[in-house]
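Proteins get letters first, then strands, A, B, ... in listed order; numbering begins at 1 in each. Keep in mind the model is a prediction, meaning the values are calculated, not measured.
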Amino acid sequence: MSEISEEELIHDWNQGTWPMRPPLLIDHTLPAALLSPARPAPPIQEQAQILRELSKLGLEAFCIGCWSEEKVQNLHAALSDLEATLWVECTSRYRPQPEQLRVYVTPRQSNWQSLLQQYGARATLVLQDVTRTHPEQLLEQLATSVLLGVESICLCDDSGRATPWAAAKLVNFTLDAGHRLHRKIRVEWSGRNDRGLALYNALSAWRAGAESIHCAFFSQGEGAGLVATEQLLVNLSLLGALKRDLRHLGEVSLHVSKVLQLELYANLPIVGVDAFRTATGVHAAAILKAQRKGHDWLADLIYSGVPARLFGFEQRIEVGPMAGASNVQHWLRKQNLEATPERIQQILSHAKSCERVLSDQELHALLRSS
Amino acid sequence: MAKSTYDWNLPEETLLRAHRAIEFQDETLRDGLQCPSVVDPPIEAKLEILHLMEQLGIHGADVGLPGAGQRAVDDVTRIVQEISQKGLKIKPSCAGRTLRVDIDPIAAISEKTGVVLEADLFLGTSPVRQYAEEWTLDQQLKIVDEAVSYAVSRGLDVMFVTEDTVRSHPETLRRLYTTAIECGACRICLCDTVGHATPDGVTALVRFMREVVKATGRDVKIDWHGHRDRGLDVINTLAAVEAGVDRIHGTALGVGERVGNTPMETLLVNLKLAGAIDNDLACLPEYVRAVHRHCQVPMPRQWPALGADVFKVVSSSRQQVIHDALERGLPHLAETLFSAVPPSMVGRELTLEGEGKS
């Protein structure tokens, strides 16, 4: 077996430079998923357990909802053992007292300045619909908030209008305003996925200097939802900024979807059941040839931009109408059956006449019928 | 400029508008049907999907891989006949490996139907694939020379496709594409087969390939074909447009190999919002519903512009603002207050949850 490395086998056209330090991911999965009154909320202890599961992925910042809701206050009490920073939305009537809590305030609240004054550095000012906000108005709000002691500004693309270029410009503008005001401003980016651009908008904001990104598993949230936490984790890892073990991503995703009753659609990048699955002959043949070279990493890489093994998944080869002999040989071997030419031909000719991928049971039944 | 009309997006849109016309290639009926969860639908369903592509103003459709077997040959033949008999504008193409065994059935369908087909002939070119398959570049150059020359001699328009282009060495690409073009390929396709690319990579690759094409002195078009593995499919395709490709590929609901291709509907919506196209997108829901129903692929509730929940307004404060805009006789403002995509642009309406009405 020849010694060859991954680097030798990939010419990578992805040449961009990215910050070495990853952004802080502020996960909003719980409030985003429970936004719809139609979705039943699990018991508080199960909600708390979700955040403990997420912490296995190195997540350490969570928004848990609006402080005016009793269930959010109960959740906060249930999380006393969790080493994480928690954010809540506050209202003029319901002002959180616990000192470790961070609060979100928006200029749409009538008494936003008094709230900022009360919370100072614990507050993040959320500037909504930021892609349609005039720079002068933005500057006024930034100046007011930093004078009240605010250090964090959340640029919120809550209608999902932004493009990556706009996200970067907004972050640059905000940081520049901080310099001009002689104050350090930390920028959070929160963006929706209405145009399918939420992920790259978030990455673009981070590249421009945003320190935190709002996200939610499986793009939960109002409208098209927030940027998907699982996609951010994988992309930050592939960009080299996130150096942590993410092999629990699969099991944690399953736990979150089960407890919150969220459908894990087959076509969700990374966590959908189809993410590392092929039934196409050309693809299967290449994966199997790579395996025969004796390198598992090669088989994991040859037809996948995301290495399955790094995120707790594995490549799967199945048999369907687009399959070739390699798919069948692989399946027979997995079943500890000899890959005779007769069996291969029998399965392949049947698969070619089918309209979808065949299950193990269907393939066994086919062999028994001969 | 009035404060209320400021738009931080504007330079991007100006840039997109500055480019020449963008063409769309629909891969739903070929790459789409390689999705492991998909059902290969009956021919009647494929024809329905084809007509919806035509209605949306999509320029080309990859209608199958005839080398896969008799069923594929039959379906492709029927689709090409439908295009010819109904006088549809959409241009049909077929996929195949750079092998005679795949080219012959495409040529046979072309001869039978009297329609000049585009043959999209692909070959894996990344070092990782060359290593696993034990291919040398000289062998591949010979394969390309023979396959493209043969397909052209059979009267086919050839698009030469390098699989996994974004992980392929520039010199490999230069030599293979130059050979294909010299043998008569009229179009080349840059393929992010495994969903590895970032927009920076796409831009660098497209710029490089434009220089390669320019050096041949031929009028050869460049396509971009992306996948969703990292969730960067849409922005990668927009980056390819900005870098100067002529045609972009997509599928309805992003259906395709693994978690799929770039969703055609999201591309159309983005390019319309950017002012780069003026297609009527009112039948977009029908197009994705047809693929959802016939191919039995999921339609996530939060799918941009078309999911069940995307135009649902939940919070009462937002609902109040929308009501206020409607009372002032400003329906366009009402539908864009909290949504990047005006629902009416894609034949839909806002829903105010809790009120049960739109």
Side-chain angles (χ1 to χ4, degrees), chain A residues 4 9-16 35-36 131-134 137 159-161 163-166 169-170 193-197 199-200 219 222-225 231 234-235 265-269 272 274-275 277-280 286 289-290 293 298 301-306 318 321-322 352 355-357, chain B residues 3 6-9 11-12 34-40 68-69 71 124 126-129 131-133 166-169 194-201 204-205 228-232 234-235 254 257-260 263 266 269-270 273 297-298 300 302 304 307 310 314 338-341 353-354:
Chain A
I4 190 147
L9 291 179
I10 288 181
H11 176 86
D12 196 348
W13 285 84
N14 297 337
Q15 301 161 334
L35 195 61
S36 169
T131 64
R132 289 184 290 198
T133 304
H134 195 281
Q137 188 184 344
S159 62
R161 288 187 77 254
T163 60
W165 301 271
K169 274 193 301 179
L170 279 158
N193 198 35
D194 295 54
R195 293 177 67 168
L197 301 175
L199 172 62
Y200 203 68
S219 287
E222 198 158 13
Q231 291 181 28
V234 167
N235 275 282
Y265 295 104
N267 60 354
L268 278 180
D274 287 348
R277 188 174 169 225
T278 187
T280 303
K289 281 174 189 165
K293 291 277 183 189
L298 182 63
L301 202 67
I302 196 159
Y303 261 110
S304 182
V306 179
E318 303 193 8
M322 300 299 287
K352 291 279 183 196
E355 58 182 20
R356 58 175 171 74
V357 169
Chain B
K3 281 190 179 183
Y6 195 84
D7 191 346
W8 287 80
N9 284 343
E12 177 238 5
Q34 288 182 204
C35 166
S37 287
V38 84
V39 167
D40 187 357
R71 181 174 176 189
S126 57
V128 61
R129 190 76 189 282
Y131 174 72
E133 303 273 7
V166 296
R167 298 192 300 183
S168 297
H169 196 279
V194 302
H196 166 82
T198 64
D200 296 320
L205 179 62
R228 299 181 63 227
D229 299 64
R230 289 176 70 165
L232 298 173
V234 175
I235 190 64
E257 188 70 50
R258 300 181 308 283
V259 289
T266 318
V269 164
N270 268 286
L273 286 172
V297 288
Q302 277 148 321
V310 290
V314 177
F338 303 109
S339 173
V341 182
E353 185 161 280

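- In terms of the side chain to side chain contact (heavy atoms under 4.5 Å, CB included) criterion, residue partners of A:Gln15 (sequence neighbours excluded) are, by chain and number, B:Ala204.
- In terms of heavy-atom pairs under 4.5 Å with chain A, the best-connected choice from B:Gly254, B:Ser37, B:Ala68 is B:Ser37.
- Both the backbone and the side chain of B:Val39 come within less than 4.5 Å of a heavy atom in chain A.
- Counting heavy-atom pairs closer than 4.5 Å to chain A, the top residue among B:Cys35, B:Pro36, B:Gly231 is B:Pro36.
- Shown here for A:Leu298 and A:Ala290, the closest heavy-atom pair between the two residues is CG-CB, 3.7 Å.
- Of the listed residues B:Gly195, B:Gly124, B:Pro300, the one with more heavy-atom pairs under 4.5 angstrom with chain A than any other is B:Pro300.
- By number of non-hydrogen pairs under 4.5 angstrom with chain B, the leading residue of A:Asp194, A:Leu35, A:Asn193 is A:Asp194.
- Contacts of A:Thr278 with chain B are made by both backbone and side-chain atoms, with heavy-atom separations under 4.5 Å.
- Applying side-chain contact (heavy atoms from CB on, under 4.5 Å) to A:Arg195 and the options B:Ile235, B:Leu273, B:Val234 leaves one that passes, B:Leu273.
- Legend: residues meeting ring-ring contact (aromatic ring centres under 6.0 Å, His included) with A:Tyr303, ordered by chain and number and at least two apart, are A:His283.
- Using a distance-only test at 3.5 Å, with no hydrogens or angles considered, a donor-acceptor pair links the side chain of B:Asn9 to the main chain of A:Thr163.
- Contacts between B:Ser168 and chain A at a heavy-atom distance below 4.5 Å involve the backbone alone (N, CA, C, O).
- B:Tyr6 OH to A:Gln137 CD: the interatomic distance, rounded to the nearest 0.5 Å, is 12.5 Å.
- Your options are B:Gly69, B:Ser126, B:Ser339, and the one with the most heavy-atom pairs under 4.5 Å with chain A is B:Ser339.
- Both the backbone and the side chain of B:Arg230 come within less than 4.5 Å of a heavy atom of chain A.
- Only the side chain of A:Leu199 has a heavy atom closer than 4.5 Å to any heavy atom of chain B.
- Contacts of B:Glu257 with chain A are made by side-chain atoms alone, with heavy-atom separations under 4.5 Å and no backbone atom involved.
- A:His134 NE2 to B:Asp7 CG: the interatomic distance, rounded to the nearest 0.5 Å, is 12.0 Å.
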